[in-house]
Amino acid sequence: MATHALVLFTFLALVCTQAFASDPSPLQDFCVADTKSEVFVNGLVCKNPKDVKPEDFFFPGLDKAGNTSQNPGSNVTLVNVEKIAGLNTLGISLARIDFAPNGGLNPPHIHPRATEVLTVMEGTLYVGFVTSAPDFKLFSKVLNKGDVFVFPKGLIHFQFNIGAVPAVAFAGLSSQNPGLVTVAKAVFGSNPPISDDVLAKAFQLDKKTVDWLQAQFSN
C-alpha cells in the first residue's frame, strides 16, 4: 500500500506541476482585468462581469508602423493584458515588430513566461534562438514574407533585418504578460550596476571596456 500511495502522490505532483506551468486558466467565459483593484494576485483581479464592455476586448492601431529611427533600429508594439484587459487569464498576447532597413535589430532577449511564434509580413529577417546548457546550440533561419518561426519559452532569441527595405513581423505569445529580458540591457544596464569586477571576469573583458558598455546601457 505504501508503494501505491507513493506512486499516486508522485503522479499527482507531476500533474499539478504541469497544471500550474502556464498562465491561469479561466473558469468562466472571461475574467476582464480590474486595473483599479488594489488586491495583489498572480495575474489580475476580475472585473464584475456586469461592468464589462466591448472596449475591454479591443485595441486599435496595430496597422500603424512603429518608429525605428532609434538604435537598434526596431520598434515593438506589444498588445498584452495592460492594453486589452480582456486578455486576463486567456494566456495569449500579440506584438507588432517593425525593423529599419539594412540592419534593424530586435536584440537578443528572453520572454520568461512565453513561447513566441513569429510571422513575417514584409521584408527579410535573419532570426534565431540559442538552446540552454550544455550545448548552447544556435537554431537560425532567414525568413521571407509569409514565413513562420517559433522561439521556445525562456530561450535567448533575436530578429535582424538583412534587407534593404523596412520589415514587419507579427508575433503571438503564450502569455497575457510574457515579460522581456533584453540580455545586454539586463547585464550592462542593471540598476544598481553589477560590479565591473564581476562582469570583467564573466565576459573576459578589461574593466575599461565594461565601464564603457555600462555607460551605453545606463538609464
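Just so you know, these numbers use all the heavy atoms, side chains as well, and skip hydrogens, waters and symmetry mates. Since the structure is predicted, the reported quantities are computational estimates derived from the model, not experimental observations.
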Are [X] and [Y] close enough that some pair of their side-chain heavy atoms sits under 4.5 Å apart?
{"X": "Phe57", "Y": "Val32", "answer": "yes"}
{"X": "Phe58", "Y": "Ile84", "answer": "no"}
{"X": "Lys137", "Y": "Val130", "answer": "no"}
{"X": "Leu78", "Y": "Leu173", "answer": "yes"}

Quick one: pull up [atom1] in [X] and [atom2] in [Y] and give me the separation to the nearest 0.5 Å.
{"X": "Ile110", "Y": "Ile156", "atom1": "CD1", "atom2": "CD1", "result": "4.5 Å"}
{"X": "His157", "Y": "Leu138", "atom1": "NE2", "atom2": "CG", "result": "13.0 Å"}
{"X": "Phe160", "Y": "Ser140", "atom1": "CZ", "atom2": "OG", "result": "13.0 Å"}
{"X": "Leu87", "Y": "Phe30", "atom1": "CG", "atom2": "CZ", "result": "13.5 Å"}
{"X": "Leu205", "Y": "Leu213", "atom1": "CG", "atom2": "CG", "result": "7.0 Å"}
{"X": "Phe170", "Y": "Thr119", "atom1": "CZ", "atom2": "OG1", "result": "9.5 Å"}

Residues in side chain to side chain donor-acceptor pair (under 3.5 Å) with [X], at least two apart?
{"X": "Asn48", "answer": "none"}
{"X": "Lys207", "answer": "Asp197"}
{"X": "Thr209", "answer": "Asp206"}
{"X": "Lys145", "answer": "Glu122"}

message: Once salt bridge (charged side-chain N to carboxylate O under 4.0 Å, His left out) is applied, do any residues pair with Asp56, and if so which ones, sequence neighbours excluded?
response: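 Lys47.
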Does [X] belong to the same Ile/Leu/Val/Met/Phe/Trp/Tyr cluster as [Y], with side-chain heavy atoms less than 4.5 Å apart forming each link?
{"X": "Val127", "Y": "Val148", "answer": "no"}
{"X": "Val117", "Y": "Val168", "answer": "no"}
{"X": "Val81", "Y": "Val76", "answer": "no"}
{"X": "Val142", "Y": "Phe149", "answer": "no"}

message: Just to verify, what does Val198 make a side chain to side chain contact (heavy atoms under 4.5 Å, CB included) with, not counting sequence neighbours?
response: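 Ile194, Ser195.
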task: For Pro152, enumerate each residue passing the side chain to side chain contact (heavy atoms under 4.5 Å, CB included) test, keeping only those at least two apart in sequence or located in another chain.
output: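 Result, side chain to side chain contact (heavy atoms under 4.5 Å, CB included) vs Pro152: Phe129, Leu155.
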message: Using every non-hydrogen atom in the two residues, find where Val79 and Ser93 come nearest and quote the distance to one decimal.
response: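 Here Val79 and Ser93 meet closest at O-CB, 3.3 Å.
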Heavy-atom closest pair, residues Ala169 and Leu125: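 Closest heavy-atom pair between Ala169 and Leu125: CB-CD1, 4.1 Å.
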Mark yes or no for whether [X], through its side chain, and [Y], through its backbone, hold a donor-acceptor pair below 3.5 Å.
{"X": "Asn161", "Y": "Gly163", "value": "yes"}
{"X": "Lys153", "Y": "His111", "value": "no"}
{"X": "Gln204", "Y": "Ala200", "value": "no"}
{"X": "Thr115", "Y": "Ser174", "value": "no"}
{"X": "Asp34", "Y": "Glu38", "value": "no"}

message: Taking the six-membered ring for Trp, are Phe203 and Phe188 closer than 6.0 Å centroid to centroid?
response: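 Yes, ring centres under 6.0 Å apart.
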Once salt bridge (Lys or Arg N to Asp or Glu O under 4.0 Å) is applied, what residue pairs with a partner in [range] remain, sequence neighbours excluded?
{"range": "residues 92-105", "value": "Arg96-Asp98"}
{"range": "residues 165-185", "value": "none"}
{"range": "residues 84-95", "value": "none"}

task: Give the intermediate values and the outcome of side-chain contact (heavy atoms from CB on, under 4.5 Å) for residues Leu143 and Leu118.
output: CA-CA 10 Å; Leu143 305 182; Leu118 183 91; 4.1 Å; yes
More than 12 heavy atoms of other groups within 6.0 Å of Glu82 CD: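 Open: at most 12 neighbouring heavy atoms sit under 6.0 Å from CD of Glu82.
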Check residues 175-182 and write down every donor-acceptor pair under 3.5 Å in which the side-chain atom is one partner and the other belongs to a residue at least two apart or another chain.
residue	atom	partner	partner atom	Å
Ser175	OG	Asp23	OD1	3.2
Ser175	OG	Asp23	OD2	3.0
Ser175	OG	Asn177	N	3.0
Ser175	OG	Asn177	O	3.3
Gln176	OE1	Thr89	N	2.4
Gln176	NE2	Asn88	OD1	3.0

query: For the residue pair Phe158 and Tyr126, does the interplanar ring angle fall in the parallel (under 30°), tilted (30 to 60°) or perpendicular (over 60°) class?
result: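 If you compare the ring of Phe158 with that of Tyr126, the planes turn out tilted.
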message: side-chain contact (heavy atoms from CB on, under 4.5 Å), that's the test. Do Val41 and Val39 meet it? Break it down for me.
response: CA-CA 6 Å; Val41 297; Val39 178; 3.9 Å; yes
message: Run Gln214 and Asp196 through side-chain contact (heavy atoms from CB on, under 4.5 Å) and show every step you take.
response: CA-CA 9 Å; Gln214 287 181 317; Asp196 56 5; 4.3 Å; yes
task: Any pair with a residue in residues 57-78 that passes side-chain hydrogen bond (donor to acceptor under 3.5 Å, both in side chains), sequence neighbours left out, goes on the list, sorted by first then second residue, please.
output: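 Listed once each, the pairs are Asn67-Ser69.
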